[in-house]
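A short write-up of the structure that comes next.
Letters go in sequence order (proteins before strands), and every chain restarts at 1. What you are looking at is a predicted structure, and each value in this text was computed from that prediction instead of being measured.
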There are 2 protein chains.
Amino acid sequence: MDGTVTETERDYLAGYDPREFPIVLTTVDSVLFTYHEDRLKVLLVQRANHPQAGRWALPGGYIDQDRDATLEDTAHRVLASKTGVVPPYIEQLGSFGGAGRDPRGWSVTIAYTALIPFQACLTHIESVTDTQWFDVARLNELELGFDHEAIIDAGRERFRQKALYSLVPAHALQEPFSLADLRRVHELLIGMTLSRKSFIRRVEESGALIETGDEAPSGRGRPSKLYRRSPHLDDYRFIRNIGK
Amino acid sequence: MDGTVTETERDYLAGYDPREFPIVLTTVDSVLFTYHEDRLKVLLVQRANHPQAGRWALPGGYIDQDRDATLEDTAHRVLASKTGVVPPYIEQLGSFGGAGRDPRGWSVTIAYTALIPFQACLTHIESVTDTQWFDVARLNELELGFDHEAIIDAGRERFRQKALYSLVPAHALQEPFSLADLRRVHELLIGMTLSRKSFIRRVEESGALIETGDEAPSGRGRPSKLYRRSPHLDDYRFIRNIGK
DNA sequence: ACAATAGTGTCTGTTAGACAGTATCGA
DNA sequence: TCGATACTGTCTAACAGACACTATTGT
């Protein structure tokens with residue numbers, strides 16, 4: 001008699017031991033961006049443990065099988081532990097895996113990418129030394145761990161696309177914010193200047209932002225109108241890209 | 001003396017054993033679409049082993065740590081084993097993970113989505129009984145394994161977007177093909193009819209397709225011009241979406 | 001000749017970009 | 001008043017959609 005012919009799924013699961021199979025090291029890393037003082041910044045953490053101890057790398061870690069019900073839970077938990085809050089915008093970026101990217105063996109990281117206002121986690125980040133914002137334009141001065149530079153590039157490219165056809169980058173700003181600031185975030189992401197008029201028209205047409213009615217003095221010059229995010233912000237897609 | 005203070009990365013790796021940590025079951029699954037007889041089809045495989053033995057599910061499997069250097073290698077290997085060839089278009093779709101999606105425990109699948117001409121794997125698929133094309137409009141009649149229905153939906157949505165701003169769906173057609181056929185593929189993906197004129201204009205403007213110079217009789221009526229894919233097809237993006 | 005299918009010519013509406021103009025602040 | 005910044009009015013170019021028209025086949 002061949003036992004496998006009549007084996008039930010219950011029997012199979014009772015005898016299943018994952019340690020009998022080759023093990024893939026699986027982690028979740030996040031690329032968190034913000035905007036501060038006319039610069040795009042990305043959050044990095046200095047690694048305390050081997051491998052790559054001492055290097056700056058993306059905030060990430062193992063899945064906690066008891067606490068995390070989904071991959072997004074892991075990303076939320078890790079980011080909250082580094083910033084004090086869950087970012088207002090997060091999406092899955094992609095997975096990066098291979099035999100050589102981690103010296104411990106075949107590994108996969110599921111990467112998320114997120115946006116947060118600089119002020120939302122200012123005090124939390126100032127209270128520690130191992131977590132810092134870095135100017136994304138100066139990452140070449142740093143030697144990052146693993147393949148995290150490539151993952152950050154993928155995150156930038158994702159938000160570059162979003163800046164072309166959505167107003168999602170508004171999540172990088174503290175409310176209320178001016179359209180001048182938001183346009184600047186888009187310009188940094190896209191890598192070119194944008195027409196004021198075109199940008200304002202899109203904001204009005206979309207309904208993805210709400211005018212608060214207040215104004216803010218901008219140093220010298222006419223004060224700017226202030227806006228906040230509408231609940232539909234994340235869903236709105238322009239059918240045509242901005243930018244010449 | 002505290003050994004960890006002076007421990008080198010080499011020492012750490014020598015003592016590293018992945019079995020000491022909680023194990024996440026990691027697999028790669030692919031959503032392969034094609035077009036045949038005015039229908040969108042997706043490739044499914046009937047599961048031979050537990051869990052979910054007997055159910056139809058996405059082609060997928062474990063990473064072969066000796067053969068696969070990257071995640072895409074795994075997707076290629078599995079798809080080639082089911083169709084006889086590597087599909088001409090494949091991209092990473094996203095990762096689906098959680099505590100409850102596989103009865104064996106916490107699991108992650110890295111999903112790819114791909115396109116192939118129906119004829120490219122016709123003979124290979126006809127030679128086996130456990131691998132079949134299914135009409136994507138009739139998947140509700142099937143009880144799929146795991147969360148694979150949700151993954152297929154994500155793949156459809158990905159290609160729905162691509163159909164709005166690219167000509168990537170041309171990979172689902174055998175060369176040479178007519179614009180009528182390609183437009184039909186786009187219409188099925190988008191879920192609405194498209195203007196002939198708009199579609200032809202985009203093809204001409206993009207340079208992503210090359211006219212072969214031949215024609216094909218289409219039953220009755222004027223014969224249609226035939227096209228093949230240009231090498232730039234995958235890169236081209238329209239700045240504006242098609243469709244009202 | 002006719003139906004059926006493929007492709008074209010041309011008009012219109014929409015919207016991005018350009019640019020000049022107006023509005024409102026500080027100095 | 002002047003410079004600086006924010007916002008608006010309006011023209012133009014580009015392009016999608018509509019639709020009528022021509023082209024080419026089988027019956």
Side-chain angles (χ1 to χ4, degrees), chain A residues 37-38 161 163-167 170 173 176-187 189-227 236-244, chain B residues 37-38 161 163-167 170 173 176-187 190-228 236-244:
Chain A
E37 290 178 343
D38 205 43
Q161 293 299 324
L164 290 172
Y165 61 75
S166 84
L167 294 172
L173 294 174
F177 50 83
S178 69
L179 291 195
D181 281 342
L182 180 55
R183 184 161 51 85
R184 188 72 192 121
V185 174
H186 279 248
E187 286 177 344
L189 287 168
I190 296 173
M192 61 184 292
T193 59
L194 298 175
S195 148
R196 272 201 308 276
K197 183 66 175 173
S198 299
F199 197 79
I200 289 179
R201 258 196 304 236
R202 291 174 85 107
V203 169
E204 287 172 352
E205 167 203 332
S206 69
L209 300 180
I210 298 167
E211 216 173 315
T212 65
D214 295 329
E215 295 184 343
S218 51
R220 39 177 187 277
R222 176 174 169 173
S224 43
K225 294 180 184 173
L226 293 176
Y227 293 79
Y236 197 87
R237 295 285 178 276
F238 298 97
I239 62 169
R240 179 165 169 180
N241 285 356
I242 203 174
K244 31 172 184 279
Chain B
E37 290 178 341
D38 204 43
Q161 293 299 325
L164 290 172
Y165 62 74
S166 84
L167 294 172
L173 294 174
F177 50 84
S178 71
L179 292 196
D181 281 342
L182 180 55
R183 184 162 50 85
R184 189 70 191 122
V185 173
H186 279 248
E187 287 176 343
I190 296 173
M192 62 184 291
T193 58
L194 298 174
S195 144
R196 271 199 311 275
K197 183 66 176 174
S198 299
F199 197 79
I200 289 179
R201 259 194 304 234
R202 292 174 85 108
V203 168
E204 286 172 352
E205 166 204 333
S206 69
L209 300 180
I210 297 167
E211 217 173 311
T212 65
D214 295 329
E215 294 184 343
S218 51
R220 37 178 188 276
R222 175 173 170 174
S224 44
K225 294 180 184 174
L226 293 175
Y227 293 80
R228 59 185 175 82
Y236 197 86
R237 295 282 178 280
F238 298 97
I239 62 169
R240 179 165 169 179
N241 285 356
I242 203 173
K244 32 172 181 276

Taking all non-hydrogen atoms of both residues into account, name the closest pair between A:Gly243 and A:Leu194 and its distance.
CA-CD2, 4.1 Å
Side chain of B:Ile200 only, heavy atoms from C-beta on: which candidate in C:dT8, C:dT15, D:dT25 is closest?
C:dT8
Would you indicate what A:Arg202 reaches in the nucleic acid, counting non-hydrogen atoms under 4.0 angstrom: base, sugar-phosphate, or nothing?
sugar-phosphate
Spacing between B:Asn241 atom CG and D:dC15 atom C1', to the nearest angstrom:
13 Å
A:Arg240 CZ to C:dA16 C1', in whole Å, measures 5 Å
Of B:Arg220 and A:Phe238, whose nearest nucleotide on DNA chain C comes first from the 5' end?
B:Arg220
Could you pick out which residue, B:Glu215 or B:Ile239, lies toward the 5' side of DNA chain D when each is mapped onto its nearest nucleotide?
B:Ile239
May I have the distance from A:Asp214 (atom CG) to C:dC25 (atom C1'), rounded to whole angstrom?
17 Å
Please state how far atom CZ in A:Arg184 lies from atom C1' in D:dT5, giving the value in whole angstrom units.
15 Å
Rounded to the nearest 0.5 Å, what separates atom CG in A:Asn241 from atom CZ in B:Arg240?
11.5 Å
How would you label the contact of A:Pro223 with the nucleic acid (heavy atoms, under 4.0 Å): base, sugar-phosphate, or nothing?
sugar-phosphate
Can you tell which of D:dC19, D:dC7, D:dA20 lies closest to the side chain of A:Lys225?
D:dC7
Under a 4.0 Å N-O cut-off, is there an ion pair linking B:Arg184 with B:Glu187?
yes
Could you state the atom-to-atom distance from CD of B:Glu205 to P of D:dG17 in whole Å?
12 Å
Pick the nucleotide of DNA chain C nearest each of B:Leu226 and A:Gly243; which residue has the one closer to the 5' end?
B:Leu226
Side-chain donor/acceptor of B:Ser206 to backbone N/O of B:Val203, under 3.5 Å
yes
Pair of N/O donor and acceptor under 3.5 Å linking C:dG7 base with B:Arg196 side chain
yes
Quick one: label B:Ser224 by what it contacts on the DNA or RNA (base, sugar-phosphate, nothing), any heavy atom closer than 4.0 Å.
sugar-phosphate
Counting only side-chain nitrogens and oxygens, does A:Ser198 get under 4.0 Å of the OP1 or OP2 atom of C:dG17?
yes
Out of the candidates A:Leu167, A:Asp38, A:Leu173, only one should pair with A:Val185 under the side-chain contact (heavy atoms from CB on, under 4.5 Å) rule; please name it.
A:Leu173
For the pair made of CZ in A:Phe177 and C1' in D:dA6, what is the distance, rounded to whole Å?
16 Å
For A:Arg183 and C:dA16, what is the distance between atoms CZ and P respectively, to the nearest whole Å?
15 Å
Of the nucleotides C:dT8, D:dA16, C:dG26, which has the atom closest to the B:Arg201 side chain?
D:dA16
In whole angstrom, give the distance that lies between atom NZ of A:Lys197 and atom C1' of C:dT14.
15 Å
Of all the choices, D:dT22, D:dA16, C:dA16, which nucleotide is nearest to the side chain of B:Arg222 once you look at every atom?
D:dT22
